[in-house]
There are 2 protein chains.
Amino acid sequence: MGIAERRQRQRKDLRDKILKTAQRIVLKEGLAALTLRRVAEKIEYSPATLYLHFQNRDEILQELGRMGLEVLVGCLEESAGVDDPVARLGAMSRGYVRFAHEHAEAYRLIFMLDSATAEAVFHSHAVKAGEGDRAFRLIVEAFAALARARPEYASLDPAAAAEQLWIALHGIASLKISCGKFLPAPADALVDRAVATLLFGLRSRDTPAG
Amino acid sequence: MGIAERRQRQRKDLRDKILKTAQRIVLKEGLAALTLRRVAEKIEYSPATLYLHFQNRDEILQELGRMGLEVLVGCLEESAGVDDPVARLGAMSRGYVRFAHEHAEAYRLIFMLDSATAEAVFHSHAVKAGEGDRAFRLIVEAFAALARARPEYASLDPAAAAEQLWIALHGIASLKISCGKFLPAPADALVDRAVATLLFGLRSRDTPAG
DNA sequence: GTCTATAGGCTGATAGAC
DNA sequence: GTCTATCAGCCTATAGAC
């Protein structure tokens with residue numbers, strides 16, 4: 001059976017090599033620069049060989065998106081252990097936007113292309129298995145913790161709050177990527193301001209300010 | 001001189017025809033479907049002719065983006081006359097997101113592609129002449145009016161507030177376009193909620209709630 | 001079974017005839 | 001000013017060598 005195993009191992013190795021090479025190209029020259037021919041050339045195989053591991057170019061992009069999503073979840077989990085809910089939300093928010101900045105092409109792939117690509121990424125196997133909206137649930141949990149810890153947030157809807165935070169974070173992240181010139185302030189400052197305003201705005205409307 | 005004028009008129013007519021045709025293709029089948037060959041075929045000229053009116057495909061897209069920007073400014077100006085600052089901000093916000101929904105491809109062109117395209121759109125002649133950030137200034141003015149009208153907003157920074165609103169509106173608009181499935185609530189509801197939370201959060205921090 | 005070589009049909013862009 | 005012809009590049013698919 002060793003032969004079959006070696007074959008499978010070699011097959012996986014080549015697949016990984018394709019993905020790594022594709023990732024490097026996308027990272028260095030952007031999504032548009034990713035062509036099967038260039039990948040094939042770099043790994044010293046013919047273009048047709050790629051079709052034995054992926055159905056087409058889109059499937060490679062899909063897989064890159066899925067890998068990026070894993071990194072994003074990792075970024076958020078890094079801050080998930082912070083005890084104070086407000087500090088945790090701040091840390092996770094900065095982590096989210098920092099991921100978008102450091103992996104701009106992956107972020108664009110996941111959240112800024114047409115619905116088809118986005119849905120394909122989110123519906124690929126590993127994502128469907130539950131790794132997908134883990135990121136969102138981490139934010140929801142942070143808001144739930146906030147609601148438990150502070151009386152002025154007792155009546156807060158954690159899911160709705162998480163959605164609002166996501167909207168703001170995506171606004172910052174995507175504008176920084178596409179229209180950075182029109183959003184000159186540092187990302188961290190924008191994030192902190194957005195989180196502060198959101199938290200202040202989400203307090204129960206009949207709570208005394210302070 | 002009549003001959004030269006007719007020539008120039010004919011030249012402009014063809015240019016407009018190219019743009020209108022391109023717009024129709026993009027509107028019906030998306031940005032990716034826009035090819036010079038298809039435009040040429042539809043207007044019954046050879047592909048090479050297009051290069052006499054535009055340097056390349058990107059310049060056509062740039063011009064389409066500029067035209068879209070004009071429509072966006074029009075959408076915002078429609079609501080700019082509303083007296084009550086809060087109502088005005090709500091109306092402008094809904095107008096912004098409605099534009100993004102109704103002209104999704106134009107919105108994507110202006111705000112969701114790479115910096116190069118976005119900057120090209122904003123730096124094209126007509127935009128440079130001042131029609132560019134008029135949209136943003138309309139929002140700033142609305143916040144300035146709010147600050148004058150309501151004491152609890154007296155210390156508000158209109159430009160910073162406008163930036164925060166823009167971030168939220170772009171978050172909603174772009175996620176609706178790219179990841180609509182993960183943002184199932186109606187756009188208007190999301191906008192109203194975002195505006196309400198932002199306005200509540202932007203009040204002076206030592207103002208009694210109410 | 002795995003891969004090479006190649007063909008077909010797109011694309012943007014350009015040179016040169018008229 | 002407009003065309004034909006053409007180049008170089010892309011993705012996709014497949015026949016056939018090994």
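We name chains A, B, ... by the order of the sequence lines, and we start the count at 1 in each one.
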Participant: Using the test side chain to side chain contact (heavy atoms under 4.5 Å, CB included), find all partners of B:K12 that sit at least two apart in sequence or belong to another chain.
Facilitator: B:D16
Participant: Nearest-Å distance, CZ (B:F54) to P (C:dT14)?
Facilitator: 16 Å
Participant: Residues of residues 55-64 of chain B with any non-hydrogen atom less than 4.0 angstrom from an atom of DNA chain C: list those, numerically ordered, please.
Facilitator: B:N56, B:R57
Participant: Nearest-Å distance, CG (A:L50) to P (D:dT12)?
Facilitator: 11 Å
Participant: Whether B:R150 and B:D84 form a salt bridge (side-chain N of Lys/Arg under 4.0 Å from carboxylate O of Asp/Glu) is what I want to check.
Facilitator: yes
Participant: Could you tell me how far apart A:R9 (CZ) and C:dT2 (C1') are, to the nearest whole angstrom?
Facilitator: 18 Å
Participant: Protein-nucleotides 15-18 of chain D N/O pairs closer than 3.5 Å?
Facilitator:
none

Participant: Over how many whole Å does the gap from B:E41 atom CD to C:dG12 atom P extend?
Facilitator: 13 Å
Participant: Testing B:L169, B:L76, B:I172 for side chain to side chain contact (heavy atoms under 4.5 Å, CB included) with B:S93, which one passes?
Facilitator: B:L169
Participant: Rounded to the Å, how far apart are B:I18 CD1 and D:dG1 P?
Facilitator: 13 Å
Participant: For nucleotides 3-10 of chain C, print each protein N/O atom paired with a nucleotide N/O atom at under 3.5 Å, atom names and distance only.
Facilitator:
from: C:dT4; atom 1: OP2; to: A:S46; atom 2: N; distance (Å): 3.3
from: C:dT4; atom 1: OP2; to: A:S46; atom 2: OG; distance (Å): 3.4
from: C:dT4; atom 1: OP2; to: A:T49; atom 2: OG1; distance (Å): 2.9

Participant: Determine: side-chain N/O of A:Y51 to OP1/OP2 of D:dA13, distance under 4.0 Å, yes or no.
Facilitator: no
Participant: Taking the six-membered ring for Trp, are A:H170 and A:Y107 ring centroids under 6.0 Å apart?
Facilitator: yes
Participant: Of all residues at least two apart in sequence or in a different chain, which pass the side chain to side chain donor-acceptor pair (under 3.5 Å) check with B:Q62?
Facilitator: none
Participant: Tell me whether A:R37 is salt-bridged to A:E41, with the criterion being a basic N under 4.0 Å from an acidic carboxylate O.
Facilitator: no
Participant: Between CG of A:L14 and OG1 of A:T49, what distance do you get to the nearest 0.5 Å?
Facilitator: 7.5 Å
Participant: Side-chain polar contacts of residues 180-192 of chain B - donor-acceptor pairs under 3.5 angstrom, sequence neighbours left out - could you list them?
Facilitator:
from: B:D192; atom 1: OD1; to: B:R94; atom 2: NH1; distance (Å): 2.7

Participant: Is a side-chain donor or acceptor of B:R108 paired with a backbone partner of A:L113 at a separation under 3.5 angstrom?
Facilitator: yes
Participant: Starting from C1' on D:dG1, measure out to CZ on B:R15 and report it in whole angstrom.
Facilitator: 17 Å
Participant: Are A:E29 and A:R38 within salt-bridge range, i.e. N to O under 4.0 Å?
Facilitator: yes
Participant: Okay, side chain of B:R203, backbone of B:F200: is any donor-acceptor separation there less than 3.5 Å?
Facilitator: yes
